[in-house]
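Here is the structure we will look at.
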Amino acid sequence: MIQFVSEKRSDSSCTLSTLGLEVNGHKEILVDLDDVALASEAEKFLKHITDYFETTGNQIQSGETMAYGYWLVKFEAVESGALEVWEYDAQAIDFVKGASLTLRYWKDQHDICEKYGAAFEPPRPDVLTVISPGVLEGLPVYGVRYPSPGHMSGWWITTDQYDGNLSNLTHEHTYHVTAACPELSRYLALPYRFCFDLSAGEAVWFDEEIEDDNPDIGDH
């Protein structure tokens with residue numbers, strides 16, 4: 001039976017690891033957290049990996065990556081022979097030790113989907129999101145997710161600076177949007193035809209009248 005062991009590193013940080021994978025020919029998995037409040041999320045993450053081993057019979061090798069919800073993690077070998085979890089930094093430029101950002105995205109997005117009775121359908125961080133002026137500057141936003149091709153998240157996120165002129169909209173990689181505006185990340189796993197309005201608190205709803213094809217602003 002696989003167990004999960006927690007080792008406290010400080011009052012605010014800890015390391016969780018599997019215990020028992022080696023018996024079945026797999027490498028143990030270690031994950032560092034900068035927030036002990038994420039320990040239960042880390043256990044779910046490790047359970048996800050052990051379930052993957054059991055259902056597929058596959059193994060994870062050093063250097064391999066895995067998507068976990070919205071974000072991406074990588075596994076690196078350590079001297080003990082275990083695999084240590086690393087994750088993309090917020091800008092998706094470098095991998096850094098730990099999985100706290102990945103787990104915060106996972107928890108926050110699941111919380112919003114459960115709150116509004118929605119399926120969990122996160123985009124990949126490298127697909128494109130349509131934004132208007134003011135979004136990256138942190139102005140209050142309105143978002144709607146259109147059914148879209150695979151290179152697009154489907155999200156159109158605008159502010160009061162959007163005047164309806166499509167030429168004023170731009171495409172940004174979704175990880176740029178969440179790096180600049182982390183508070184928006186929690187809404188991005190809502191499925192197509194969901195909308196949110198953060199101009200006066202939080203309003204989220206499903207709009208079945210949203211068309212199958214979003215407006216075309218061209219490729220940027």
Side-chain angles (χ1 to χ4, degrees), residues 4-18 28-52 60 62-78 82-115 118-129 131 135-138 141 143 145 153-155 157 172-191 196 198 202 204:
F4 306 116
V5 180
S6 177
E7 179 183 349
K8 197 170 184 180
R9 301 199 318 271
S10 71
D11 289 341
S12 60
S13 62
C14 66
T15 299
L16 267 74
S17 60
T18 60
E28 304 292 354
I29 309 293
L30 312 175
V31 56
D32 283 343
L33 305 175
D34 63 14
D35 184 354
V36 294
L38 291 171
S40 62
E41 295 300 322
E43 284 196 14
K44 294 176 187 176
F45 170 66
L46 293 174
K47 180 68 163 53
H48 173 80
I49 295 173
T50 58
D51 287 348
Y52 167 79
I60 295 175
S62 181
E64 287 188 15
T65 60
M66 172 186 289
Y68 187 65
Y70 172 55
W71 215 233
L72 190 71
V73 299
K74 183 169 71 168
F75 301 88
E76 296 285 3
V78 294
L83 293 176
E84 189 173 66
V85 178
W86 290 53
E87 66 180 351
Y88 256 156
D89 62 17
Q91 295 284 356
I93 296 173
D94 296 315
F95 281 94
V96 294
K97 185 177 175 180
S100 295
L101 182 62
T102 303
L103 298 178
R104 288 191 187 100
Y105 283 147
W106 177 274
K107 182 181 185 306
D108 289 348
Q109 290 179 348
H110 272 86
D111 286 348
I112 287 294
C113 290
E114 290 172 8
K115 181 177 180 179
F120 176 70
E121 297 181 6
R124 295 196 325 270
D126 61 335
V127 299
L128 298 173
T129 287
I131 65 169
V135 171
L136 299 183
E137 292 72 29
V141 299
R145 192 175 192 186
S153 73
W155 284 109
I157 304 176
E172 292 286 347
H173 286 107
T174 307
Y175 56 75
H176 285 146
V177 178
T178 54
C181 308
E183 69 281 1
L184 298 185
S185 64
R186 67 186 67 237
Y187 302 99
L188 298 188
L190 291 166
F196 62 84
L198 306 182
E202 176 185 275
V204 175

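Numbers here simply count residues along the sequence, with the first being 1.
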For the pair H173 and H176, name the ring-plane relationship: parallel under 30°, tilted 30 to 60°, perpendicular over 60°. perpendicular
Nearest 0.5 Å, what's the SG-CG distance between C113 and L188? 10.0 Å
Backbone N/O of V78 and side chain of E84: donor-acceptor pair under 3.5 Å: no
For the atom pair CE (M66) and CD1 (I60), what is the distance rounded to the nearest 0.5 Å? 3.5 Å
Nearest 0.5 Å please: distance from the NZ atom of K97 over to the CG atom of D34. 12.5 Å
Is H48 reaching over with its side chain to a backbone N or O of K44, donor-acceptor style, under 3.5 angstrom? no
When rounded to the nearest 0.5 angstrom, what distance separates CG in L46 from CD in E28? 10.0 Å
When you measure from the side chain of T174 to the backbone of V127, do you find a donor-acceptor pair of N or O atoms at a distance under 3.5 Å? yes
Between L72 and A67, which heavy-atom pair has the shortest distance, and what is it? CD1-N, 3.8 Å
If the plane angle is over 60° it's perpendicular, under 30° parallel, otherwise tilted; pick one for Y70 and Y105. perpendicular
State, yes or no, whether a side-chain contact exists between D94 and W86 at a heavy-atom distance under 4.5 Å. no
Looking at W71 and Y88, would you say the former's side chain and the latter's main chain have a donor-acceptor pair under 3.5 Å? yes
Heavy-atom side-chain proximity of V135 to L184 below 4.5 angstrom: yes
One pair to check against salt bridge (Lys or Arg N to Asp or Glu O under 4.0 Å): K115 and D111. What are the steps and the verdict? CA-CA 6 Å; K115 181 177 180 179; D111 286 348; over 6 Å; no
Does E87 reach the main-chain N or O of L101 with its side chain, forming a donor-acceptor pair under 3.5 Å? yes
Counting only N and O atoms by type, is there a donor-acceptor contact under 3.5 Å from the side chain of Q109 to the main-chain atoms of F120? no
Identify, with sequence neighbours excluded, every residue that meets side-chain hydrogen bond (donor to acceptor under 3.5 Å, both in side chains) alongside R186. none
Close side-chain approach of E172 to T129, heavy-atom, < 4.5 Å: no
Please say whether more than 12 non-hydrogen atoms of neighbouring residues, nucleotides or ligands are located less than 6.0 Å from CD in E202. yes
When rounded to the nearest 0.5 angstrom, what is the spacing between CZ in R9 and CG in D32? 4.0 Å
Geometric class of the F45/Y68 ring pair [parallel <30°, tilted 30-60°, perpendicular >60°]: perpendicular
So CZ of R145 and CD1 of I157: to nearest 0.5 Å the spacing works out to 10.0 Å
Taking C-beta and beyond as the side chain, do Y187 and V141 meet within less than 4.5 Å on heavy atoms? no
Any F95 side-chain heavy atom under 4.5 Å of T65 side chain: yes
State which residue, out of L33, I29, L30, V85, fulfils the side-chain contact (heavy atoms from CB on, under 4.5 Å) condition with L16. L33
